Amino acid sequence: MAIKTLPLPENETERLIALQSYHIMDSGEEKDFDVIASIASAICHTPISLITFIDDKRQWFKSHIGTDLSENFRDLSFCTYTIASQEDVLIVPDASVDERFATNPVVSEAKVTFYAGVPLINEDGFALGTLCVLDQETHDFSEAQIDALKALAKQVVDKIELRRKVTTLEKMNQELMNANVLIQKFASMAAHDIKNPLSSIKLTSQALRGRQEIIQNDGCLRLVNMNISATDNLLTLVDEMMAYSKNPALLLKKKREFELKVLVNRLLSLLVVPDNVQIDLPIATHKVYFSIIAFEQILINLLSNAIRYNDKNKCVIKVRFADTDEFYQLEVEDNGSGIPEEYLEKIFTNNFTLKTKDRFNNSGSGIGLSTVKDLLYLLNSTITVSSTYREGSTFTVRLKK
């Protein structure tokens, strides 16, 4: 005979989500749970006791005393009624005369007659499974046995709640450790980036000092303005870094709208851009809503690398931008020295360098691109590179909105 359609808890979808958060299904047998199930069997004088968890299709046994079975179809489970009811215990004295269970193969074939089950209700009120006892004989179930079964069920819930909280704390601790590593790398990269505008200030200051007749030289005002502009931009960058150092979450969470071309021009003013460098920016106006601190650090690193590692007489850097439903796509293409194919993945690993000096005769630190990749990972975003050795490279960043 067909099994009747069993009832579902009113909050079944939320209950299943809660169950998944414990990662308890198919987690294997454990002695601590077996001890609780054994005590339940002894107190209730039943040969079978189970600690079960129920998902959308099956009932899985975390502990199974008195049977070799480790799971059951949900549609054949007495416990489905237990988690769907509003009662704190379900007792079936004789299943063979109960219309809910009489035709169930567990009763008609396995001859299970007696059932008592307590729902395992978590701290949010969801019934995740049961602690139950079964027998092939009828039983008189006392209030003391009911209370004991409830107390043991609470121990099961306390145990899985504690485990989930420990797992959550371990995950948070790992995320904190990852964040600390990123902070160190970010600070190193940012300090490296600060050297560029400082170099610009130093060079223009030296040029000013070398003038013999400062007041009579018209070019002096332009150099002074360059110093002021570079200094202002540097102070802005330092202010953003200070805000981030006080609250690292700002790097990932503080988003605001900005205009791409304005931002790029401001970043370029922080860099030493030689006369033979041509930088092509997107013609269209693009409004971007993103973490500006993260965006700045990613772009300044890519632009700086494109300028520094270019061995052509005419250096051409192209910045492209696209806006899709899910991503912002940023590309920085250059006609520089390129990257050998065997190093295309390695350049994103920490402390890896190609051991070549840049156009300013400086060596790379090996932290810039690895930090960019780590930062993008935390932003659910990616960076890839395509390159032809001695011809140039294109870095593509996909920023998750």
Side-chain angles (χ1 to χ4, degrees), residues 3 6-7 9 15 19 22 24-55 58-122 126-161:
I3 302 301
L6 300 185
R15 188 193 73 83
L19 175 63
Y22 291 87
I24 193 74
M25 297 292 287
D26 300 311
S27 58
E29 299 176 18
E30 295 181 49
K31 184 177 179 180
D32 289 349
F33 290 92
D34 288 342
V35 168
I36 294 175
S38 296
I39 293 173
S41 183
I43 291 174
C44 298
H45 307 298
T46 58
I48 300 173
S49 62
L50 308 172
I51 295 174
T52 80
F53 295 93
I54 302 173
D55 63 15
R58 65 193 179 110
Q59 175 189 31
W60 178 74
F61 305 158
K62 179 67 177 175
S63 179
H64 48 100
I65 303 301
T67 177
D68 292 331
L69 297 176
S70 60
E71 61 180 44
N72 191 13
F73 291 111
R74 178 171 177 165
D75 288 346
L76 301 181
S77 169
F78 284 38
C79 296
T80 299
Y81 282 89
T82 304
I83 66 170
S85 71
Q86 301 299 317
E87 305 298 326
D88 54 5
V89 63
L90 174 65
I91 299 174
V92 182
D94 188 348
S96 64
V97 296
D98 191 312
E99 63 178 10
R100 295 172 296 178
F101 309 112
T103 59
N104 190 317
V106 174
V107 177
S108 59
E109 298 176 14
K111 306 301 181 184
V112 169
T113 301
F114 174 78
Y115 169 89
V118 175
L120 303 176
I121 300 176
N122 76 348
F126 297 112
L128 308 176
T130 66
L131 169 62
C132 63
V133 294
L134 305 95
D135 200 348
Q136 292 178 323
E137 299 178 358
T138 60
H139 278 260
D140 291 326
F141 214 56
S142 68
E143 287 296 326
Q145 289 173 315
I146 292 173
D147 291 341
L149 204 60
K150 290 179 181 178
L152 291 172
K154 187 177 184 305
Q155 286 190 36
V156 174
V157 173
D158 289 345
K159 187 174 291 294
I160 64 172
E161 288 287 3

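Here the structure is a predicted model, which means the values were calculated and not measured.
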Backbone N/O of [Y] and side chain of [X]: donor-acceptor pair under 3.5 Å:
{"X": "S96", "Y": "A102", "answer": "no"}
{"X": "S41", "Y": "S49", "answer": "no"}
{"X": "K62", "Y": "G28", "answer": "yes"}
{"X": "E161", "Y": "N122", "answer": "no"}

Least distance between heavy atoms, [X] atom then [Y] atom:
{"X": "A40", "Y": "L131", "result": "CB-CD1, 4.2 Å"}
{"X": "M25", "Y": "W60", "result": "CE-CB, 3.6 Å"}
{"X": "Q59", "Y": "C79", "result": "NE2-SG, 3.0 Å"}
{"X": "F141", "Y": "I146", "result": "CD2-CG1, 3.5 Å"}

Member of T82, D98, D94 meeting the side chain to side chain donor-acceptor pair (under 3.5 Å) criterion with Y115:
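It is T82, the one option of T82, D98, D94 that forms the side chain to side chain donor-acceptor pair (under 3.5 Å) with Y115.
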Step by step, would you call F53 with L120 a side-chain contact (heavy atoms from CB on, under 4.5 Å)?
CA-CA 8 Å; F53 295 93; L120 303 176; 3.9 Å; yes
Given side-chain contact (heavy atoms from CB on, under 4.5 Å), test D88 with I121 step by step and report yes or no.
CA-CA 9 Å; D88 54 5; I121 300 176; over 6 Å; no
Centre-to-centre under 6.0 Å for F101 and Y81, is that the case here?
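F101 vs Y81: aromatic centres under 6.0 Å.
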Check whether any side-chain heavy atom of V133 lies under 4.5 Å from a side-chain heavy atom of Q145, and answer yes or no.
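In short, these two side chains do not touch, never coming nearer than 4.5 Å.
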Can you find a heavy atom in the side chain of V106 that is under 4.5 Å from one in the side chain of N72?
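They are in contact (side-chain heavy atoms under 4.5 Å apart), so the answer is yes.
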Any luck finding a side-chain donor-acceptor pair between H64 and E71 under 3.5 Å?
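No - no donor-acceptor pair under 3.5 Å links their side chains.
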Taking atom types as modelled, is there a side-chain donor on T113 or T138 under 3.5 Å from an acceptor on the other?
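Note: T113 and T138 side chains miss the donor-acceptor criterion.
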Got a second to check how far I51's CD1 is from Q155's CD, nearest 0.5 Å?
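Going from the CD1 atom of I51 to the CD atom of Q155 covers 9.5 Å.
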D135: partners by side-chain hydrogen bond (donor to acceptor under 3.5 Å, both in side chains), with sequence neighbours left out
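D135 satisfies side-chain hydrogen bond (donor to acceptor under 3.5 Å, both in side chains) with H139 only.
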